[in-house]
S.K.: 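One structure, pasted below without further comment.
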Amino acid sequence: MTKREFFVKVSAGEMTEEMQAFAAETLVKMDAQLEARKGKLSEKEQAKRDANEALARRVAAEILCAEAKTATDVAAELTEMLGEEVKVQKASSLCRKAVELELATVTEVKIPKKGTQKAYTAVVAE
């Protein structure tokens, strides 16, 4: 049975044991294809991931310190350091990556007229 035949019969409201078997077999194949694709990144995606990890390490080493800094603070300092605008969302992503790499910690700080925000500090090597 082809996929077209399957969909024609389903759209007509027909259901046979052959169709159920075909659907089950197709799902198994789809799951196998998904699992095969999951772990693979394109060269471009891998290069971008590596660049972001390197930048997160740099943020942890050069920007974050014992004083807690928000993503807004990190974005401003990163913009100055790189000479190009870095958005707060990017800075936040880099800070989260630094936390994931155990190079930084995250806490909640109160910002006047804004409420609480996440702030990041560097992990001090002993």
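As the structure is a computational prediction, the values presented were derived from the model and not from experiment. Start at 1 with the first residue, then count along the sequence.
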S.K.: Taking atom CD of E67 as the centre, report whether more than 12 heavy atoms of other residues, nucleotides or ligands fall under 6.0 Å from it.
M.R.: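 Incorrect, the count does not exceed 12.
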S.K.: For L64, run the side-chain contact (heavy atoms from CB on, under 4.5 Å) check against V59, V123, T105 and tell me which one passes.
M.R.: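 Testing L64 for a side-chain contact (heavy atoms from CB on, under 4.5 Å) against V59, V123, T105 leaves exactly one candidate, V59.
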S.K.: Could you tell me whether a side-chain N or O of T79 sits under 3.5 Å from a main-chain N or O of A75, the two making a donor and an acceptor?
M.R.: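 Yes; judged by distance alone, with no hydrogens or angles, the pair exists.
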S.K.: Shortest non-hydrogen contact from L78 to L94?
M.R.: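 Residues L78 and L94, closest heavy atoms: CD2-CD1, 3.6 Å.
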S.K.: Using 0.5 Å steps for rounding, measure from the OG1 atom of T72 to the CD1 atom of I111.
M.R.: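 Result: 8.0 Å between the selected atoms.
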S.K.: Step through the shown structure and confirm whether more than 12 heavy atoms of other residues, nucleotides or ligands are within 6.0 Å of CD on E17.
M.R.: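 Check fails, neighbour count at 12 or below.
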S.K.: Going by an N to O cut-off under 4.0 Å, is there a salt bridge joining K97 and E100?
M.R.: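 Result for this pair is yes, salt bridge flagged.
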S.K.: Looking only at heavy atoms, which two atoms of V86 and A91 are closest? And how far apart?
M.R.: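 Taking every non-hydrogen atom into account, CG1-N, 4.2 Å.
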S.K.: Can you tell whether the side chains of K29 and E25 come within less than 4.0 Å, N to carboxylate O?
M.R.: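 Yes, this pair counts.
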S.K.: Are any non-hydrogen side-chain atoms of K69 and I63 less than 4.5 angstrom apart?
M.R.: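 In short, these two side chains touch, coming nearer than 4.5 Å.
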S.K.: When you measure from the side chain of E77 to the backbone of V74, do you find a donor-acceptor pair of N or O atoms at a distance under 3.5 Å?
M.R.: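 No; judged by distance alone, with no hydrogens or angles, the pair does not exist.
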S.K.: Are any non-hydrogen side-chain atoms of L101 and R96 less than 4.5 angstrom apart?
M.R.: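 Not in contact.
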S.K.: Heavy atoms, side chains only, cut-off 4.5 Å: are T70 and K118 in contact?
M.R.: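 When only atoms from C-beta onward are counted, K118 and T70 do not touch, as no gap falls below 4.5 Å.
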S.K.: Please examine the side chains of N52 and K90, heavy atoms only from C-beta on, and report whether any two atoms are closer than 4.5 Å.
M.R.: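 Yes, side chains in contact.
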S.K.: With a 4.5 Å cut-off on side-chain heavy atoms, are R49 and L41 touching?
M.R.: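 A side-chain contact under 4.5 Å exists here.
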S.K.: Heavy-atom distance under 4.5 Å between the side chains of V10 and M19, does that happen here?
M.R.: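 Yes; the side chains approach each other to less than 4.5 Å.
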S.K.: Search all heavy atoms of A68 against all heavy atoms of V109 and return the closest pair with its distance.
M.R.: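 In this case the closest contact between A68 and V109 is CB-CG1, 4.2 Å.
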S.K.: Can you find a pair of side-chain heavy atoms, one from F6 and one from M1, that are under 4.5 Å apart?
M.R.: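 Heavy-atom side-chain distance check passes, below 4.5 Å.
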S.K.: So, taking the atom named CD in E62 and the one named CE in M81, what distance separates them when rounded to the nearest 0.5 Å?
M.R.: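 Spacing of CD (E62) from CE (M81) equals 5.0 Å.
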S.K.: How far does OH of Y120 sit from SG of C65, to the nearest 0.5 angstrom?
M.R.: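 It comes to 15.0 Å.
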S.K.: Could you state the interatomic distance from CD (Q117) to CG (D73), rounded to the nearest 0.5 Å?
M.R.: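 If we round to the nearest 0.5 Å, Q117:CD and D73:CG are 8.5 Å apart.
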S.K.: Assess whether side chain to side chain contact (heavy atoms under 4.5 Å, CB included) is satisfied between E5 and F22, documenting all intermediate values.
M.R.: CA-CA 11 Å; E5 291 171 338; F22 178 79; over 6 Å; no
S.K.: Does this structure show an ion pair linking R57 with E53, if we count only N-O contacts that are shorter than 4.0 Å?
M.R.: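 Looking at R57 and E53, the cut-off is met.
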S.K.: Atom OG1 of T116 and atom NZ of K110: how far apart are they, to the nearest 0.5 Å?
M.R.: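 Rounded to the nearest 0.5 Å, the OG1-NZ separation comes out at 8.0 Å.
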